[in-house]
Amino acid sequence: MGEVITAHHHTLTRELECVSQVPIFQELNQEQRLSIAKVTRPIHAQKGETIYRPEEVSQTLYIVNVGQVRLYHLGEDGKERVLRVLNPGDFIGEIALFTDEIHQDYAEATKTTELCTISRTSLTELLDRVPPLALSLLGALAVRLRVAQRQATLLAIPDALPRLAGYLLELSHQKTGTLTLPMSKQDLAAYLGMTPESLSRKLKQLVTAGAVATVGRRQLTVLDLKALREVAPQ
């Protein structure tokens with residue numbers, strides 16, 4: 001882990017660009033987005049730098065504009081457990097709107113990253129002025145809960161092969177074709193609760209079965225949905 005990142009100069013045009021690509025803001029009109037951009041501040045991080053760590057008070061909404069951020073916590077054995085990987089348009093810290101939450105996990109940049117930040121005070125004021133924003137946030141929280149439930153369901157499966165097959169079915173939306181993994185294979189292994197070596201072996205099993213084909217480091221092609229479903233949890 002690197003040092004905590006620092007704030008950079010605020011540019012309204014850049015912040016409006018960031019705000020406009022976030023799903024929870026896309027239903028708002030231009031004037032409402034501009035109101036959000038005016039209270040948004042940028043921070044930058046290089047690969048490996050820490051955005052926040054456990055025991056810090058959460059009072060900020062973080063939006064990924066450029067780059068990637070991974071959330072993880074350390075188990076009692078010292079191993080990392082990847083919780084989520086955020087790409088441009090994703091956000092974290094919405095719990096700060098409702099409570100003085102203490103961060104339980106680490107947020108770390110996996111590449112050169114630019115984030116837009118909105119303080120709890122500013123966002124609370126925006127909720128009063130822009131009512132549609134409150135509904136968008138509630139919808140986003142519901143989606144976040146479903147994702148967390150799906151991950152918990154996958155992690156409860158004792159066999160790593162069905163765990164991987166189930167994840168790929170979800171990622172592909174049960175369709176054949178080429179897909180891009182949203183995280184590195186090392187992080188994916190941690191996300192699915194297995195070692196990188198185990199992930200590599202299980203992936204080769206799916207390739208041998210004709211269910212998928214590897215295209216590149218981060219790309220796979222789903223070839224046979226039936227074969228994948230036969231392995232995935234029912």
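These numbers were taken from a predicted model, which means no experiment stands behind them.
Across all their heavy atoms, Cys116 and Glu15 have their closest contact at SG-OE1, 3.2 Å. The two residues Ala211 and Ala227 come nearest to each other via the heavy atoms CB-CB, 4.0 Å. Contact record, Ile63 with Cys18: CG2-SG, 3.7 Å, taken as the closest heavy-atom pair. Residues Val85 and Pro182 come closest through the heavy atom pair CG1-O, 3.5 Å. When every heavy atom of Gly210 is checked against every heavy atom of Leu223, the shortest pair comes out as O-CB, 3.7 Å. Here the closest heavy-atom approach between residue Arg218 and residue Met183 is recorded as NE-O, 2.9 Å.
Within the 4.5 Å cutoff, the side chain of Phe25 has heavy atoms near those of the Leu133 side chain. Inter-residue side-chain proximity for Leu199 and Leu164 is flagged as met; some heavy-atom pair is nearer than 4.5 Å. No side-chain heavy atom of Gln186 sits less than 4.5 Å from a side-chain heavy atom of Val82. Contact of the Leu126 side chain with the Val39 side chain is registered, since non-hydrogen atoms from C-beta on lie closer than 4.5 Å. Between Thr117 and Leu61 the shortest side-chain heavy-atom distance does not fall below 4.5 Å. Within the 4.5 Å cutoff, side-chain heavy atoms of Leu74 are placed close to those of Glu80. Considering only heavy atoms from C-beta on, Ile51 comes within 4.5 Å of Leu115 through its side chain. Side-chain contact check for Gln205 versus Thr208: every heavy-atom pair is 4.5 Å or farther apart.
The main-chain N or O of Gly67 is never found under 3.5 Å from a side-chain atom of Thr113 such that the two would form a donor-acceptor pair. A distance-only check finds no donor-acceptor pair linking the side chain of Ser200 to the backbone of Pro196 [under 3.5 Å]. Although no hydrogens or angles enter the test, the distance criterion places a donor-acceptor pair under 3.5 Å between the side chain of Asn29 and the main chain of Gln32. Looking at Ser172, its side chain does come within 3.5 Å of a backbone N or O of Leu169 through a donor-acceptor pair.
Rounded to the nearest 0.5 Å, atoms CD1 (Ile102) and CD (Glu56) are 9.5 Å apart. Between atom CG of residue Leu220 and atom CG of residue Leu206 there is a gap of 9.0 Å, rounded to the nearest 0.5 Å. Atom OG1 of Thr176 and atom NZ of Lys226 lie 15.0 Å apart (nearest 0.5 Å). Atom CD1 of Ile118 sits about 12.0 Å away from atom CD of Glu125, to the nearest 0.5 Å. Rounded to the nearest 0.5 Å, atoms NZ (Lys111) and OG (Ser184) are 10.0 Å apart. Annotation: the span from Leu135 atom CG to Leu127 atom CG amounts to 10.0 Å, rounded to 0.5 Å.
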For this session: Quick one: do Val22 and Phe91 satisfy side-chain contact (heavy atoms from CB on, under 4.5 Å)? Show the steps, please.
Result: CA-CA 8 Å; Val22 181; Phe91 61 93; 4.0 Å; yes
For this session: Output, in order, the C-alpha distance, side-chain angles, deciding distance and verdict of side-chain contact (heavy atoms from CB on, under 4.5 Å) for Leu228 and Asp224.
Result: CA-CA 6 Å; Leu228 201 56; Asp224 189 336; over 6 Å; no
Problem set entry | Derivation of the side-chain contact (heavy atoms from CB on, under 4.5 Å) call for Val212 and Leu203 | CA-CA 8 Å; Val212 302; Leu203 189 55; 4.3 Å; yes
For this session: Dump the intermediate steps for side-chain contact (heavy atoms from CB on, under 4.5 Å) on Val222 and Lys175, then the final yes or no.
Result: CA-CA 7 Å; Val222 177; Lys175 296 179 181 178; over 6 Å; no
For this session: Would you sort out whether Thr121 and Thr124 count as a side chain to side chain donor-acceptor pair (under 3.5 Å), showing the intermediate values?
Result: CA-CA 5 Å; Thr121 300; Thr124 300; over 6 Å; no
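Gln21 meets the side-chain hydrogen bond (donor to acceptor under 3.5 Å, both in side chains) test with Asn65; sequence neighbours excluded.
Donor-acceptor pairing under 3.5 Å is lacking for the side chains of Gln26 and Arg33. A donor atom on one side chain and an acceptor atom on the other are found under 3.5 Å apart for Thr178 and Thr221.
Hydrophobic clustering, with ILVMFWY side chains joined whenever heavy atoms are under 4.5 angstrom apart, groups Leu225 together with Val207. Clustering ILVMFWY residues whenever any of their side-chain heavy atoms sit less than 4.5 angstrom apart, transitively, puts Val66 in a cluster other than the one holding Ile43. A single hydrophobic cluster is seen to contain both Leu181 and Leu154, as judged by linkage of ILVMFWY side chains at heavy-atom distances under 4.5 Å, directly or through other members.
Screening Arg163, Arg150, Arg229 for a salt bridge (Lys or Arg N to Asp or Glu O under 4.0 Å) with Glu170, the sole residue that qualifies is Arg150. Checking each of Lys47, Arg53, Arg70 against Glu108 for a salt bridge (Lys or Arg N to Asp or Glu O under 4.0 Å) leaves exactly one that passes, namely Arg70.
Remark: Lys204 NZ is loosely packed, at most 12 non-hydrogen atoms of other residues, nucleotides or ligands lying under 6.0 Å away. Within 6.0 Å of the CD atom in Glu17, the count of heavy atoms belonging to other residues, nucleotides or ligands exceeds 12.
Aromatic ring orientation, His103 versus Tyr52: parallel (interplanar angle below 30°, classes split at 30° and 60°).
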